[in-house]
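Each chain gets a letter, A, B and so on, in the order its sequence line appears, and its residues count up from 1.
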2 protein chains.
Amino acid sequence: MVQKSKLPTAAGQPKRRGRPRAYEPDVALGKALDLFRRQGFAATSLDDLSEATGMNRPSLYGAFGDKRELYIKSYQRYREEARASMAAIFREEMPLRQRLERIFASALNIYLSGEAGPRGCFTVVTAASEAVSDPEIRAMVLDGLTELDKAFAGCFRRAKEKGELPESADPAVLAQLASAAVHSIAVRSRARVPRKELEAIVKGAIDMMVGAKA
Amino acid sequence: MVQKSKLPTAAGQPKRRGRPRAYEPDVALGKALDLFRRQGFAATSLDDLSEATGMNRPSLYGAFGDKRELYIKSYQRYREEARASMAAIFREEMPLRQRLERIFASALNIYLSGEAGPRGCFTVVTAASEAVSDPEIRAMVLDGLTELDKAFAGCFRRAKEKGELPESADPAVLAQLASAAVHSIAVRSRARVPRKELEAIVKGAIDMMVGAKA
DNA sequence: CGATTTTTGTACCATTCCGCAAATTAATCC
DNA sequence: GGATTAATTTGCGGAATGGTACAAAAATCG
C-alpha cells in the first residue's frame with residue numbers, strides 16, 4: 001500500500017494517467033535517426049520527421065523537444081546502437097585478425113544498410129558537419145572519435161600482450177590507423193562505393209596492421 | 001580590322017558591351033565556397049551567399065545559376081585549388097618520407113585554415129553528405145576520392161622503383177591507407193581536434209607507411 | 001545624343017519552415 | 001459519472017526560404 005501510487009516506472013504496466021501515446025518513442029526515435037542520418041540536420045524538416053515518425057509536430061515537440069534536441073537524441077541513440085553492436089566483439093576472446101575483421105564487418109553493415117542507399121556514419125557524415133558551430137554536438141563527436149580510438153587501442157594492447165604483435169608496435173598509433181580506415185569507408189560508402197571495394201580496403205588495412213612492425 | 005569586333009576574350013580588355021560588373025566572379029565564388037564549406041548546402045541560404053559575396057540574389061543567379069549550380073561550381077573550385085596546392089609536391093623529386101610529410105602538411109593547412117574555426121574538407125564533410133541523393137555530386141566526390149588514391153599510389157610506386165620500399169609493398173594498398181589518414185584528419189579537424197594531435201596522427205601514419213613491409 | 005546591351009537594385013511571390021496555442025480525445029482516479 | 005491528467009489534432013503566425021519580374025543604372029556603339 002505504501003508505494004502503490006509511487007514508482008510506477010518499475011513494474012510491468014506503468015498505468016499512466018492520461019491519454020495513451022499513439023506511438024512508441026523508441027521506434028519513433030529510430031525513424032528520426034534514419035532521416036537525420038540520410039539528409040543531415042538542416043535538410044531534414046519537421047514535416048519530414050513528422051511524416052516519418054507518424055507523430056504530428058506538437059507530439060514530436062512534446063516528446064523530444066525542438067529539432068536540435070531531437071537531433072542530439074538521435075545521435076545518442078546511434079552511438080548506443082553502434083556501441084552495442086561492437087561490444088560483444090570487444091568482449092569475446094579471439095585472435096587479433098579475427099577481431100579486426102569482425103569489427104570492420106560490423107561497421108560496414110552499419111554504413112551500407114538502408115533502403116534508400118547507404119547511410120554512412122552519423123558521426124562522420126552529419127555530426128562532424130554540425131560540430132564546428134555547435135559545442136554540444138562537437139563534444140559528442142569528439143567523444144565518439146576517441147571512444148573508437150580507445151576501443152581499437154585496447155585490441156592492439158591485448159594482442160601485444162598475447163604476443164600477436166611485436167614489442168615495437170604502438171597500440172595507440174595502430175588504433176588511430178584503424179580508426180582512419182573506419183572513417184575512410186564511412187566517407188566512401190556515402191559515395192556509394194560498392195561493398196567489394198570497401199572490403200578490399202578493409203583487408204588491406206588489416207593486413208598492414210597485423211603485420212605491423214613499427 | 002578583320003577580328004576587331006570578334007574574339008574579345010583574348011586581349012587585355014574585353015570591352016564588354018553593357019553595364020560593368022560590380023564584383024569579381026572569382027572572389028565571389030571564393031566567398032561562396034567558404035560558406036558552403038563551413039555550413040554545408042542546406043544550411044547555407046541565398047541570403048547568406050548574397051551577403052558574403054556582396055552580390056544581390058539576381059546577380060548571383062545570373063552569374064552562377066541556382067543554388068545547386070553554385071554549390072557545384074564551388075566544389076569544382078575547391079578541387080582545383082586542392083589539386084594545385086598538391087601538384088608541385090607530386091612533381092618535384094624528393095624522398096618518399098618528405099613527400100608524404102609535405103602532402104599531409106598541405107592537407108592540414110587546407111583543413112585548419114579559416115577564421116571561424118577549422119573548415120575541414122569539402123569532399124568529406126559536405127559533398128559526401130549530398131552524394132547519396134545527388135548523382136552529379138556523387139560523381140564528383142568519387143572522382144575526388146580516386147584522384148587522391150591515384151596520386152598517393154603514384155608516390156608509392158615511384159618510391160618502390162627507387163628502392164625506398166620493399167618489393168613486397170603494394171602501392172595501391174598503401175595509397176588507400178594514406179587516403180584514409182587524410183579522411184581521418186579531415187573529420188577530426190571538423191571536431192576542432194588541435195593541430196598537434198592531427199600532426200601526431202600524420203606522423204604515426206607516415207612512420208607506418210614508409211616502414212611498410214606488407 | 002539616342003539606341004542597345006548588360007548588370008544592378010528593389011520588391012515581390014509562393015512555399016516552406018519552426019514553434020506554439022487552443023481545443024479535442026482518451027485514458028485513470030475518486 | 002465527474003474530475004483530472006496527458007496526449008492528440010487542428011491550425012495559426014511570423015519568419016525565412018529559393019527564385020523571379022521589373023525598372024533603374026551604367027557602360028559601349030553608331
Visitor: Whole angstrom is fine here: how far is it from CG in D48(A) over to P in dT17(D)?
Guide: 17 Å
Visitor: Which residue lies toward the 5' end of DNA chain D, G18(B) or R57(B), if each is placed at its nearest nucleotide?
Guide: R57(B)
Visitor: What integer distance in Å separates M55(A):CE from dT9(D):C1'?
Guide: 13 Å
Visitor: In whole angstrom, give the distance that lies between atom CG of D66(A) and atom P of dG19(C).
Guide: 5 Å
Visitor: Closest to the P58(B) side chain: dA7(D), dT20(D), dT8(C)?
Guide: dT20(D)
Visitor: Please determine if a side-chain N or O atom of R16(B) lies less than 4.0 Å away from the OP1 or OP2 oxygen of dT7(C).
Guide: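 Indeed, a polar side-chain atom of R16(B) lies that close.
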Visitor: Return the value, rounded to whole Å, for the distance between atom NZ of K67(B) and atom C1' of dT17(D).
Guide: 8 Å
Visitor: Rounded to the nearest Å, what distance is computed from the CG atom of residue L70(B) to the P atom of nucleotide dG19(D)?
Guide: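 Taking atom P of dG19(D) as the reference, CG of L70(B) is at 10 Å.
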Visitor: Side chains of S50(A) and N56(A): donor-acceptor distance under 3.5 Å anywhere?
Guide: no
Visitor: A quick test of your reading: do over 12 heavy atoms of other residues, nucleotides or ligands sit less than 6.0 Å from CD of Q76(B)?
Guide: yes
Visitor: What's the OH-P distance between Y23(A) and dT9(D), to the nearest Å?
Guide: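 Result: 11 Å.
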Visitor: Given the structure, check if the side chain of R17(B) and the base of dT4(C) hold any donor-acceptor pair shorter than 3.5 Å.
Guide: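 Under the 3.5 Å cut-off, the side chain and the base do form a donor-acceptor pair.
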Visitor: For a salt bridge (charged side-chain N to carboxylate O under 4.0 Å, His left out) check, start with the C-alpha distance between D149(B) and R188(A), then their side-chain angles and the critical distance, and finish with the verdict.
Guide: CA-CA 12 Å; D149(B) 288 339; R188(A) 291 175 198 263; 2.8 Å; yes
Visitor: For dC18(C) and Y61(A) - does any side-chain N or O of the residue sit under 4.0 Å from the phosphate oxygens OP1/OP2?
Guide: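 It does not, given that no N or O in the side chain of Y61(A) lies less than 4.0 Å from OP1 or OP2 of dC18(C).
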Visitor: Just to confirm, is there a sub-4.0 Å distance from OP1 or OP2 of dT17(D) to any side-chain nitrogen or oxygen of S45(B)?
Guide: yes
Visitor: Do you see a donor-acceptor pair shorter than 3.5 Å between the side chains of S45(A) and D48(A)?
Guide: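 Distance-only check passes for S45(A) and D48(A).
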Visitor: Give one of base, sugar-phosphate or nothing for T44(B), where a contact means two heavy atoms less than 4.0 Å apart.
Guide: sugar-phosphate
Visitor: How many Å lie between CG on L60(A) and P on dG19(C), as a whole number?
Guide: 11 Å
Visitor: Hey, which of F64(A), F122(A), Y78(A) is the one that makes ring-ring contact (aromatic ring centres under 6.0 Å, His included) with Y71(A)?
Guide: F122(A)
Visitor: Check every atom of dT6(C), dG19(C), dA6(D) against the side chain of R19(A) and return the nucleotide holding the closest atom.
Guide: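 Of the candidates, dA6(D) comes closest.
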Visitor: In whole angstroms, how far is the C1' atom of dA21(D) from the CG atom of N56(B)?
Guide: 14 Å
